[in-house]
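Fair warning: this is a prediction, and the values are worked out from it, not measured in the lab. The analysis underlying the following values was restricted to heavy atoms, covering all of them including side chains, and did not include hydrogens, waters or symmetry mates. Residue numbering restarts at 1 for every chain, and letters A, B, ... go by the order of the sequence lines.
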Amino acid sequence: MEIKEEIRRSIERALKKIKVKKYPEILLERPQEREHGDFSTNIAFFLAKELRKTPQEIAKRLAEDIRPDPEIIEKVEETKGFINFFLTEESLFKNLIQILKREKDYGRSELGKGERIQIEMVSVNPTGPLHVGHGRGAAFADTLANILEAVGYQVEREYYINDIGTQMENLGKSLRARYLELLGEEVEFPEYGYQGEYLVKIARRLKDREGNKHRKEKIEFFTQYAHSDIIEGIKRALKDFGIGIDSWKKESDLRKKGKVEESLKNLKKKGYLYEKEGALWFRSSQLGDEKDRVIKKKDGSLTYLASDIAYHEDKFKRGFDHLINIWGADHHGYVERLRAAMSALGHPKESLDIILYQLVKLSRSGRPVAMSTRKGEFITLREVMDEVGRDVLRFFFCMRSSYSHLDFDLELAKKESPENPVYYVEYAHARISSIFKKAKERKRKRRKIQKIDLKLLHTPEEKNILRLLILFPDIVASCVQNYQVHSIPNYLRELASEFHTFYNRHRVLSEDEGLTQARLALVEGVGIVLRNGLRLLGIAAPEKM
RNA sequence: GCGCCUGUAGCUCAGUAUGGAUAGAGCAUCGGAUUUCUAAUCCGACGGUCGCAGGUUCGAAUCCUGCCGGGCGCGCCA
């Protein structure tokens, strides 16, 4: 952001003046206390040792020497070794003008320089519907993808389907058993079968449509039938959750095209494969994994890892500059072996990031809700979406760091009360819309921004809002830096809070035409930022509530 | 047993990447605010040995070591 850049440059000039050549990256933070200004740096602490002076002395000296553009920074001040910067009114107003001018684009940037990033998300095995936990991963991944797009990356969202293997066979066996059951035959349910109610429903659909003519059908038929039914359900659920997948990649296609054998050949050529006890092993322990892994089993069949290696190599071949995988934390054991394989194949470590999200602990009014996929005891994404609403769910899922174990209380999420931060943010937006609606009714229109005297915005509440608005692009950028998204909801709540405070103390539409105009510009700015933030989260900004 | 994540106010969590100012929110509780553009709002109060114990440092919620609690994972399953 240009303001931060200007401050940074002014610090560098001052450092040069006192002949400091080596210094760490200059960090500008937002101080907790208003009296400490808008930005502050702790650079003096880092220089203390080398210069053999106290941080206070250094900071004091620097504060005198730092001369940023007086149109942007009104005051530079030293306190307790920190150097604090105070923005001018003028820069706050300029930023508001920027917001009104750029509208949807405020917060967007070109940081990503058009690089191509692929995000692999959800990738849930097609053996059953998506459950709530998967929803968290989906919401998180989609939001991160939105943010990456906003800062100028070209993003592709991909879902990888494990459509072959033992699990699919078990799925087919399970459906067959359910189907035959419906036809009144005695059948034993397969040992590793999927017991969920959804398979009974699929069996019923099959029977209703086609009667008993599939009684003698092979397992493959049932596998195929269950698979496509479930995948269609997953696709619908994601669509209704507001998530668009650009590419669906099937494991079976990789196999058909010989990609797996090709990858194994590559690994072999580089000396990372060996045979032991009739199986083929990958020497992953040499590359950071805790032990070697089997790639091809004694019976000649390939492991999950074999496909995964081929899959990721294929992604690289498709020309992405960077790969991101969003995985549930229950897969963390696979991170190292996959990374090992990628470095064995010569792909730089930095080009693949695997971000884990912790599982969702679902409860209802404080009581935990049990979940187990195989037994079929779980709450689906669909059910929760229907119960609490798509937007609430997406907000809650993105509100916390992906590393924290999310506590999700169904009753709490449903409440339309102050306990629910989603409505709080949405309400701020609805109030703003309402102001404009009212203004229109009274035939009052916001003038062109050049004709508005923003200097009339001088109350603490107005200033607080302006100061917050200026941070938005930085917040978005920081999400990219640490691959987290929760600062967006947190920021939106803070902005909504500042707005509500302002709203309660001051009127926008008043007899004073000049002030009305200035305030209309201000709240329009808030509305734009709220909308932009909510859009990143995939949430609608309501005009009224 | 080993590995990953996690432990901050009564509850749910920010803050930990890059150590820095009196540790921040929301909810809950208590008290107050509405003739006004939406009270799904606002204002105030209460509330903390940052799991415990050491260490490094001028300075530790943040880094290191050990221990304790919670979640997840540890197959020639997928």
Side-chain angles (χ1 to χ4, degrees), chain A residues 24-25 27 29 31-33 35-36 40 42 44-46 48-49 54-55 79-82 84 125 127 162 164-170 192 251 276-281 290-291 293-305 307 328-336 356-359 361 366 399-409 412 415-424 426-428 430-439 441-442 478 481-484 486-487 489-490 493-494 496-497 499-510 516 519-520 523 544-545:
Chain A
E25 192 194 345
L27 294 175
E29 290 183 318
Q32 276 170 20
E33 303 288 328
E35 58 194 273
H36 293 138
S40 83
N42 60 357
F45 290 94
F46 290 102
K49 202 167 252 172
T54 65
T79 12
K80 296 186 184 168
F82 291 87
N84 300 326
N125 289 348
T127 53
N162 294 108
I164 47 179
T166 319
Q167 47 159 0
M168 295 312 290
E169 205 166 298
N170 285 333
Y192 295 105
E251 182 181 3
K276 195 178 90 183
E277 295 161 12
L280 189 61
W281 294 72
E290 49 182 313
K291 52 185 170 188
R293 307 290 173 178
V294 171
I295 287 277
K296 192 185 261 179
K297 295 179 249 176
K298 218 188 286 179
D299 67 4
S301 62
L302 293 161
T303 60
Y304 185 82
L305 178 62
S307 295
D330 50 341
H331 290 86
H332 75 255
Y334 298 85
V335 173
E336 281 315 317
L356 301 177
Y357 62 91
Q358 294 296 326
L359 306 177
K361 215 160 76 189
M399 207 162 61
R400 307 299 184 201
S401 153
S402 77
Y403 300 118
S404 75
H405 307 259
L406 184 74
D407 266 296
F408 188 80
D409 194 304
L412 198 75
K415 273 191 197 162
E416 298 184 1
S417 73
E419 292 164 63
N420 195 326
V422 190
Y423 297 118
Y424 184 81
E426 291 183 341
Y427 187 51
R431 272 181 152 177
I432 291 168
S433 302
S434 174
I435 292 169
F436 280 98
K437 200 175 136 213
K438 203 56 110 193
E441 279 168 24
R442 297 180 189 171
S478 76
Q481 215 161 33
N482 47 26
Y483 285 146
Q484 286 296 326
H486 58 278
S487 47
N490 288 341
R493 201 174 48 186
E494 200 178 338
S497 168
F499 168 77
H500 285 309
T501 299
F502 161 80
Y503 185 92
N504 268 273
R505 290 206 186 136
H506 308 287
R507 282 189 63 79
V508 173
L509 305 173
S510 68
T516 299
R519 286 184 171 165
L520 278 173
V523 298
K544 63 176 178 189
M545 290 174 75

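- Comparing A/M399 and A/K296, the nucleotide of RNA chain B nearest to each residue sits closer to the 5' end for A/M399.
- Taking only side-chain atoms of A/A279, from C-beta outward, the nucleotide of B/rU18, B/rC76, B/rA14 with the closest atom is B/rC76.
- A/F436 comes within contact range of no nucleotide atom at all, as no heavy-atom separation falls under 4.0 Å.
- Residues meeting the salt bridge (Lys or Arg N to Asp or Glu O under 4.0 Å) test with A/E169, sequence neighbours left out: A/K173.
- Nearer the 5' end of RNA chain B, as judged by each residue's closest nucleotide, is the contact made by A/H486, out of A/H486 and A/M545.
- In terms of the ring-ring contact (aromatic ring centres under 6.0 Å, His included) criterion, A/F46 has no residue partners (sequence neighbours excluded).
- Rounded to whole Å, the separation between the P atoms of B/rG47 and B/rG24 comes to 15 Å.
- In this structure A/R293 satisfies the salt bridge (Lys or Arg N to Asp or Glu O under 4.0 Å) test together with A/D289, sequence neighbours excluded.
- At least one side-chain heavy atom of A/T303 sits less than 4.5 Å from a side-chain heavy atom of A/K297.
- Contact annotation for A/L305: no contact, since no heavy-atom pair falls under 4.0 Å across all strands.
- If you measure from atom CD of A/Q484 to atom P of B/rC13, you get 14 Å, rounded to the nearest angstrom.
- Between the CG atom of A/N482 and the C1' atom of B/rA14 there is a distance of 13 Å, given to the nearest Å.
- Within the structure, every side-chain polar atom (N or O) of A/S510 is placed at least 4.0 Å from both OP1 and OP2 of B/rC37.
- For B/rA53 and B/rA60, the P atoms lie 15 Å apart once the distance is rounded to whole Å.
- For the pair A/R507 and A/R519, the tightest heavy-atom approach, listed with the atom from each and the gap, is O-NH1, 2.8 Å.
- Considering only residues two or more places apart in sequence or on other chains, A/Y503 meets the ring-ring contact (aromatic ring centres under 6.0 Å, His included) condition with A/F499.
- With sequence neighbours left out, A/I164 forms a side-chain contact (heavy atoms from CB on, under 4.5 Å) with A/E251, A/S252, A/R255.
- Nucleotides B/rG70 and B/rU57 have their C1' atoms positioned 32 Å apart, rounded to a whole Å.
- When the side-chain nitrogen and oxygen atoms of A/R431 are compared with OP1 and OP2 of B/rA39, one or more of them lie within a distance under 4.0 Å.
- Distance alone, capped at 3.5 Å, places no donor-acceptor pair between the A/T516 side chain and the A/L509 backbone.
- Residue contacts shown for A/K544 include a base, since a base heavy atom lies under 4.0 Å away.
- Between B/rA40 and A/Y423, no contact under 4.0 Å exists linking OP1 or OP2 to a side-chain N or O.
- Regarding A/I432, its CD1 atom lies at a distance of 15 Å from the P atom of B/rU41, rounded to whole Å.
- One finds a side-chain N or O of A/S404 lying less than 4.0 angstrom from the OP1 or OP2 phosphate oxygen of B/rA14.
- Take A/R505 and apply the salt bridge (Lys or Arg N to Asp or Glu O under 4.0 Å) test, not counting sequence neighbours, and it matches A/E461.
- Nucleotides B/rC67 and B/rU29 place their P atoms 42 Å apart, quoted to the nearest Å.
- Applying the salt bridge (Lys or Arg N to Asp or Glu O under 4.0 Å) rule to A/E336 yields no partners; only residues at least two apart in sequence or on another chain are considered.
- Separation of the P atoms belonging to B/rG15 and B/rU6 is 11 Å when rounded to the nearest angstrom.
- Applying the 6.0 Å contact sphere to NZ of A/K298 captures no more than 12 heavy atoms from other residues, nucleotides or ligands.
- Under the rule for a ring-ring contact (aromatic ring centres under 6.0 Å, His included), the partners of A/H500 that lie at least two apart in sequence or sit in another chain are A/Y424, A/Y427.
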Distances for protein N/O vs nucleotides 20-22 of chain B N/O pairs under 3.5 angstrom?
unit_1: B/rA21; atom_1: N6; unit_2: A/S40; atom_2: OG; d: 2.7
unit_1: B/rA21; atom_1: N6; unit_2: A/N84; atom_2: OD1; d: 3.1
unit_1: B/rA21; atom_1: N1; unit_2: A/N84; atom_2: OD1; d: 3.2
unit_1: B/rA21; atom_1: N1; unit_2: A/N84; atom_2: ND2; d: 3.2
unit_1: B/rA21; atom_1: N3; unit_2: A/H36; atom_2: NE2; d: 3.4

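- Stem regions for RNA chain B, each three or more consecutive Watson-Crick or G-U pairs with both distances under 3.5 Å and listed by first number, read B:1-7 with B:68-74, B:10-13 with B:24-27, B:29-33 with B:41-45, B:51-55 with B:63-67.
- Between the P atom of B/rU16 and the CD atom of A/Q481 lies a distance of 11 Å, rounded to the nearest Å.
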Show me the protein contacts with nucleotides 69-73 of chain B, counting only N or O atoms at under 3.5 Å.
unit_1: B/rG70; atom_1: N2; unit_2: A/H405; atom_2: NE2; d: 3.1

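- Not counting sequence neighbours, the partners of A/S402 by the side chain to side chain donor-acceptor pair (under 3.5 Å) test are A/Q484.
- A/Y503 has its OH atom 7 Å from the P atom of B/rC37, to the nearest Å.
- Taking atom C1' on both B/rA23 and B/rU16, the two are 13 Å apart, rounded to the nearest angstrom.
- Separating the P atom of B/rU62 from that of B/rG7 is a span of 11 Å, rounded to the nearest Å.
- A straight line from CG of A/L406 to C1' of B/rC5 spans 14 Å, rounded to a whole angstrom.
- Residue A/K291 places none of its side-chain N or O atoms closer than 4.0 Å to OP1 or OP2 of B/rG75.
- In this entry the distance linking OH of A/Y403 with P of B/rC5 reads 9 Å, nearest Å.
- The heavy-atom pair separating A/N162 from A/M168 by the smallest distance is O-SD, 3.8 Å.
- Between the NE2 atom of A/H500 and the C1' atom of B/rC43 there is a distance of 15 Å, rounded to whole Å.
- Within the nucleic acid shown, A/E426 has no heavy atom closer than 4.0 Å to any nucleic acid atom.
- Side-chain proximity of A/R400 to the nucleotides B/rC13, B/rC37, B/rU41 is greatest for B/rC13.
- Under 4.0 angstrom from either OP1 or OP2 of B/rG75 there lies no side-chain N or O belonging to A/Y192.
- If you check every strand for non-hydrogen atoms under 4.0 Å, A/R293 touches nothing.
- Comparing B/rC4 with B/rC64, their P atoms sit 12 Å apart, to the nearest whole Å.
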